[in-house]
There are 2 protein chains.
Amino acid sequence: MKIIVDAFGGDNAPLEILKGCAQAVQELGLEILLTGRKDVIEKVAKENAVSMEKMEIVDCPDVIDMNDAGTDIMRSGKNSSMAVGLQKLAEGAGDAFLSAGNSGALTVGATFLVKRIKGIKRIAFAPVMPSADGCFMLVDGGANVDCKPEMLSQFGLMGAIYMKKVMQVQNPRVGLLNVGTEEHKGGELQHGAYALLKQSELNFIGNVEARDVPDGAVDVLVADGFSGNVLLKTFEGTAMMILHKFKAVLTKSTKNKLAAAVMLKDIGGLKKTMDYKEYGGAPLLGCTKPVFKSHGNADAKTFYNALRLTKAYVEGNVADEIAQSVASYKARTDAAKEDA
Amino acid sequence: MKIIVDAFGGDNAPLEILKGCAQAVQELGLEILLTGRKDVIEKVAKENAVSMEKMEIVDCPDVIDMNDAGTDIMRSGKNSSMAVGLQKLAEGAGDAFLSAGNSGALTVGATFLVKRIKGIKRIAFAPVMPSADGCFMLVDGGANVDCKPEMLSQFGLMGAIYMKKVMQVQNPRVGLLNVGTEEHKGGELQHGAYALLKQSELNFIGNVEARDVPDGAVDVLVADGFSGNVLLKTFEGTAMMILHKFKAVLTKSTKNKLAAAVMLKDIGGLKKTMDYKEYGGAPLLGCTKPVFKSHGNADAKTFYNALRLTKAYVEGNVADEIAQSVASYKARTDAAKEDA
């Protein structure tokens, strides 16, 4: 399997990206096609003694910045490492594309260069997040601020397929993020999405309150990109705040430090389950081919995890399954219309 | 000061409500006017030896249930303890009204019985939440699922006045909840609200990401009721999940239990800063007179805290200040229109 990697995406590019790739070549048996400035990549690899085994480079001069507008990728950024990588994926030069760069640009680029699966309204950003005893997928985590009911219904379908094919969750529970569990809760968007999800073939468990999500109430949480992003970032911010307060307690006095030392391994385990770096990033769902986004501040370990998940995304054949589901849904509703 | 209290609101009514009131009479010097079934209140007080000193009762037969629709308060629930309490507040029988009952019904009842301040578009639910080194106010936490820019701008104004007058925060920092900090982020609602907040006299610090809120980025967080509710409940759910995981570590083995015992007091302190019961509940902002909502599962301690905060709400003269601000804003914009 060959993964195309944006060597210049994120805050720690290219060194941490290269290190993550080298580890993935060794441990996951991947081949890597890097996009970015060839001279810089080779220099950094050499200076830091990072092996370039099974890695090729496609030389391209530009980089999409975190401050660039998403649409820049189709204009001033069309020769960037991100745009060229997506183009290479569209051409079939690799099995997936992975970047830690600008999310907005990646969504726009994936939409216009890799294209959406036929029938899919919007590409969604779908992070897998930790919960009490496992994890759940949030769709959409922020790619689409303004949504329509049909988009939310498709988010549920795509998330369910990912959780089944990649995360091996049988019959994933799909819930709609809402301000209460009763069917009438929320606004027009939620009412419309509820109706569509209810009549779908998904294992739709109804409305879910944000309070119950970290406790493991769902496998797939459907939301518009605005409130989904609020949930994602509130989760991160709250976890970070509490872990800091926790750390302050453990290091408050010599007495506490000694007591904490006894539990060091278990505390490390707790921290690990809350650490988004373990999760590596998020797939973009709805593209014709796998595109994966790693964290902007990804270090080598995070990027390696992202490569591991990208590999699983490819092996899960998610895009094909989504395409088939959308096509068969269309066939069913067309037939129903003819019957009517 | 006399507080009107819904003796039948919430899961633990009337006993825990009565206990909280008795403590507030003793410690805060309050008088209490209870609404609810007189025979039941007197029986429960007697059986549990709760002093009824400085408490009167307005006998009313019905109760608004947690499952009732909000609008029921104006129809089948018009003789409920909540509706009668709000009516008594409107008539001037007390200085504020406090209930742990159905939030939707309380918002509808406050709007139609106590009425909105002239010029205020919507009554908002405004919980004060813990952050890294203090607290912040969220407006709106869930009363208004569908919002317009002007409503959000008024949420900012009302929250700033509350934080200044009740919580003694000088020049409170007002931020708009958004998916990024740049001015162009978000949808139409955020763009409109941003423009209004920017031209207001508030200390508007711009867009705020949910990730930075628990760290203390704002004193007043402005949001539509849907995403505000998602933030509020994600915060609660995440905190609960992490504290459970933390507890599991501390009790995992005898070794850990012994080590935890050393830090018991500090861990208790940490838990306390994260405990919503310390915060008692949330004011409804925008009513002509103070209405306060306590948690549905409030126990005596939570209800006592809610009474303490209701007292501060009354003393802060918040409603008058909001009325003056709205009137002077209207005068300014009217004058500007005439000049133009």
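Computed from a prediction, not measured in an experiment: that's the story for all the values here. Residue numbers begin at 1 in each chain, while the letters A, B, ... track the order of the sequences.
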>> Does any backbone or side-chain atom of A:M241 lie under 4.5 Å from a heavy atom of chain B? Answer side chain, backbone, both or neither.
In response: side chain

> Between B:V213 and chain A, which part of the residue has a heavy atom less than 4.5 Å away: side chain, backbone, both or neither?
Replying inline: neither

>> Sort by residue number and list every residue of residues 134-144 of chain B having at least one heavy atom under 4.5 Å from chain A.
In response: none

>> Quick check for you: among A:L243, A:N229, A:D266, A:N67, which has the greatest number of heavy-atom pairs under 4.5 Å with chain B?
In response: A:D266

> Which bit of A:N256 comes within less than 4.5 Å of chain B, counting heavy atoms only: side chain, backbone, both or neither?
Replying inline: both

>> Would you say NZ of A:K245 has more than 12 non-hydrogen atoms from neighbouring residues, nucleotides or ligands within 6.0 angstrom?
In response: yes

>> Whether the side chain of A:N178 engages the backbone of A:T181 through a donor-acceptor N/O pair (distance < 3.5 Å, no angle test) should be reported.
In response: no

> Tell me, do B:S131 and B:D215 make a side-chain contact under 4.5 Å, heavy atoms counted?
Replying inline: no

>> Counting only non-hydrogen atoms closer than 4.5 Å, does B:K252 touch chain A with its backbone (N, CA, C, O), its side chain (CB onward), both, or neither?
In response: side chain

>> Less than 4.5 Å apart, side chain to side chain, heavy atoms only: is that true for B:L176 and B:F204?
In response: yes

> Are B:E183 and B:K198 within salt-bridge range, i.e. N to O under 4.0 Å?
Replying inline: yes

> Between A:H184, A:Q190, A:E182, A:H244, which residue shows the highest count of heavy-atom pairs closer than 4.5 Å to chain B?
Replying inline: A:Q190

> Taking side chain as C-beta onward, heavy atoms only, is A:V230 less than 4.5 Å from B:T234?
Replying inline: no

>> For the interface with chain B, which of A:E188, A:K185, A:K255 has the highest count of heavy-atom pairs at distances below 4.5 Å?
In response: A:K255

>> At a heavy-atom distance under 4.5 Å, which candidate from A:A223, A:A248, A:S227 has the highest pair count against chain B?
In response: A:S227

> Would B:V218 and B:I205 count as a side chain to side chain contact (heavy atoms under 4.5 Å, CB included) if you check the C-alpha gap in whole Å, the side-chain angles of each, and the deciding distance to 0.1 Å?
Replying inline: CA-CA 8 Å; B:V218 285; B:I205 60 163; 3.5 Å; yes

>> If only side-chain N and O atoms count, and only distance matters, is there a donor-acceptor pair under 3.5 Å linking A:T302 with A:D299?
In response: yes

>> Heavy-atom pairs under 4.5 Å with chain A: which of B:V249, B:V179, B:V145 has the most?
In response: B:V179

> Are side-chain heavy atoms of A:V291 and A:L106 found at a separation under 4.5 Å?
Replying inline: yes

>> What part of B:D212 gets within 4.5 angstrom of chain A, counting heavy atoms only: side chain, backbone, both, or neither?
In response: neither

> Which distance, rounded to the nearest 0.5 Å, do you find between the CZ of A:R173 and the CG of A:L221?
Replying inline: 11.0 Å

> How about A:L231 and A:M129: do any of their side-chain heavy atoms sit closer than 4.5 Å?
Replying inline: yes

